[in-house]
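To find a chain, count down the sequence lines: A is the first, B the second, and so on, and within it residues start at 1.
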Amino acid sequence: MHMNNISGKDLLAIGYQQGKMLGLALEVLEKHYQGAEHEAVLTLMKDLLERPEAFLDHEILEDLATKMIEDAKEIENTIFLNNTSREFAVYGSEYIAAGAVAQMQTAMKLPVTVAGALMPDAHQGYGLPIGGVLAAKNAVIPYGVGVDIGCRMALSIFDITEENFLLNRDTYKRELIAHTRFGAGHGYHGKDRTDHAILDRNEFNLTQFIKALKDKAYSQLGTSGGGNHFVEWGIIEFAEDDQPLNIPKGKYLALLSHSGSRGMGATIAGYYTRLAKELCKLPREAANLAYLDMNSEAGQEYWLAMNLAGDYASACHEVIHDKLAKAIGGTLLAKVENHHNFAWKETWNGEEVIVHRKGATPAGKGVMGIIPGSMTAPGFLVRGKGEETAINSASHGAGRQMSRTAAMQHITRQEMQAMLQANGVTLIGAGLDEAPMAYKDINVVMEAQKDLVDIVAKFSPKMVRMADDGSKED
DNA sequence: ATGTCC
């Protein structure tokens with residue numbers, strides 16, 4: 001008769017699975033069944049595996065039994081990914097890091113995924129990559145939308161000449177500083193706040209959670225935040241007359257802004273991602289792609305909250321543009337606005353789907369958008385071509401070629417100054433992580449998506465405001 | 001992206 005000397009191999013042979021449970025079982029055996037007879041312990045462990053509920057009062061095996069029942073429930077609730085990824089189009093694959101492609105491949109295994117595409121500015125994100133487009137059937141993925149819900153570009157084109165701008169740079173600079181506010185957490189207080197119809201929206205009364213966001217939303221209305229957000233004066237050049245916008249060819253002063261839904265959107269994103277992760281258990285590699293059923297209460301709630309955050313982001317741009325237009329006394333010729341980090345109900349390949357564009361620009365046929373380059377590189381006013389394989393999308397910028405950390409380490413202030421000077425750009429704020437050299441060449445990115453958008457006009461930044469280094473200003 | 005788990 002040989003004594004207990006049970007190994008992991010023995011437990012695997014009687015049906016235990018590789019993992020945490022196996023380790024716990026071995027620990028218990030070592031501690032409590034050291035001298036017991038081998039066959040008897042094996043029978044006991046087999047019994048435990050088959051009927052853990054019979055051991056809930058067992059002096060030694062109680063904890064193991066409880067854990068087994070919990071594990072079984074979790075496995076039962078896990079939603080499995082498909083074994084293979086659905087195919088998806090990649091634009092400019094030579095510029096996209098492997099990590100972003102791998103994230104997209106995981107997203108293409110979700111049971112709700114219908115189609116996907118990767119834009120040429122794609123890089124690794126949280127859940128879905130930035131620059132990732134995902135069409136899902138009757139489901140919305142909070143991290144397929146992203147943290148800064150409804151982040152967008154807004155462009156106002158004024159009937160003001162380049163000469164006027166160059167002659168009055170000081171005035172334009174003063175007004176840009178006076179009417180914009182940057183930095184994480186920053187807002188307006190008291191009489192400095194702006195009233196806007198967005199604050200009267202019924203959705204603010206939807207739940208206690210959303211109601212609690214209203215005060216901050218009021219305070220941050222018309223502010224820009226941090227990171228890659230900016231407000232800038234620039235010169236937009238139309239090489240030809242544009243009929244739809246009714247703008248004759250030529251150069252005009254324009255205002256371009258990039259920002260989102262501030263603290264409100266971030267709080268909504270965090271709350272519903274956590275809820276989605278509770279309701280939708282996916283395997284570890286896809287955990288951040290947890291989705292909400294569009295027919296569920298949580299799904300409908302998120303949809304309304306997301307749309308409110310998007311409209312709030314729009315209101316923020318409206319406030320900024322209104323203030324600055326009034327300050328410079330310009331006549332508005334045209335206004336274009338487009339958002340990313342959002343989900344839309346759209347028809348794709350004949351069926352209704354939820355299209356997530358995380359850092360991707362809508363580019364349906366004839367749909368206008370703005371794709372910025374960097375603080376010195378041009379941005380482009382574009383018109384979508386409605387390419388179905390790209391799910392009617394395009395990039396939302398040039399995309400980074402250096403991480404924030406790498407940019408801080410490798411780019412010097414002097415290099416950035418030289419670049420600004422060479423391009424005649426005045427910069428207010430911004431850290432080295434936003435230096436032009438940290439971004440891909442926008443011309444290469446535009447070339448990679450020439451089947452997705454037509455270029456309508458070229459916008460050259462001339463005076464850029466961003467958040468101060470590290471958003472530490474007060 | 002956000003006062004980045006006060």
Side-chain angles (χ1 to χ4, degrees), chain A residues 100 103 119 121-132 141-154 180-189 209-210 212-231 257-275 277-278 288 302 305-306 308-317 320 338-343 356-361 372 374 395-400 402-405 407-408 429-431 433-434 438-439 465-474:
Chain A
Q103 284 189 317
M119 301 299 116
D121 61 338
H123 51 106
Q124 208 164 332
Y126 200 72
L128 197 67
I130 321 296
I141 307 166
Y143 262 128
V145 167
V147 175
D148 193 6
I149 297 173
C151 184
R152 63 195 61 215
M153 311 288 170
T180 62
R181 188 156 292 191
F182 284 81
H186 292 183
Y188 289 107
H189 303 282
F209 163 73
I210 293 169
L213 302 175
K214 193 169 168 174
D215 282 349
K216 191 194 251 181
Y218 186 15
S219 163
Q220 295 186 328
L221 187 63
T223 65
S224 300
N228 58 359
H229 291 170
F230 59 76
V231 181
S257 52
H258 173 209
S259 57
S261 49
R262 309 290 286 101
M264 176 187 160
T267 311
I268 290 171
Y271 178 87
Y272 286 99
T273 293
R274 213 174 69 177
L275 188 59
K277 281 178 162 181
E278 276 167 23
N288 291 329
Y302 174 73
M306 178 194 77
L308 180 65
D311 291 344
Y312 172 74
S314 181
C316 285
H317 285 264
I320 296 165
N338 66 270
H339 54 300
H340 45 265
N341 295 0
F342 209 68
H356 304 75
R357 292 190 180 88
K358 190 179 190 182
T361 301
S374 75
S395 89
H396 81 314
R400 288 192 160 274
M402 256 186 243
S403 70
R404 288 188 181 280
T405 333
M408 301 278 232
D433 49 346
E434 286 302 327
Y439 284 90
R465 187 174 191 196
M466 300 186 85
D468 281 350
D469 224 340
S471 299
K472 284 191 293 255
E473 91 275 40
D474 266 310

*Sequence neighbours left out, what passes side-chain contact (heavy atoms from CB on, under 4.5 Å) with A266(A)? Give chain and number order.*
V147(A)

*Would you please name every residue forming a side-chain contact (heavy atoms from CB on, under 4.5 Å) with E434(A), sequence neighbours left out?*
N228(A), M375(A), R400(A), R404(A), Y439(A), M466(A)

How many whole angstroms separate atom [atom1] of [X] from atom [atom2] of [N]?
X	N	atom1	atom2	answer
D148(A)	dG3(B)	CG	P	10 Å
L213(A)	dG3(B)	CG	C1'	15 Å
D468(A)	dG3(B)	CG	C1'	16 Å
H229(A)	dT4(B)	NE2	P	17 Å
Y312(A)	dT2(B)	OH	P	11 Å
Y143(A)	dT2(B)	OH	P	13 Å
Y126(A)	dT4(B)	OH	P	16 Å
H186(A)	dG3(B)	NE2	C1'	8 Å

*Mind telling me whether F209(A) and Y271(A) have parallel, tilted or perpendicular rings, with 30° and 60° as the class edges?*
parallel

*Using a heavy-atom cut-off of under 4.0 Å over every strand shown, decide if G263(A) touches base, sugar-phosphate, or nothing.*
sugar-phosphate

*Counting any heavy atom closer than 4.0 Å, what does K216(A) reach on the DNA or RNA strands: base, sugar-phosphate only, or nothing?*
sugar-phosphate

_Spacing of NE2 belonging to H340(A) relative to CE belonging to M153(A), to within rounding of 0.5 Å_ = 5.0 Å

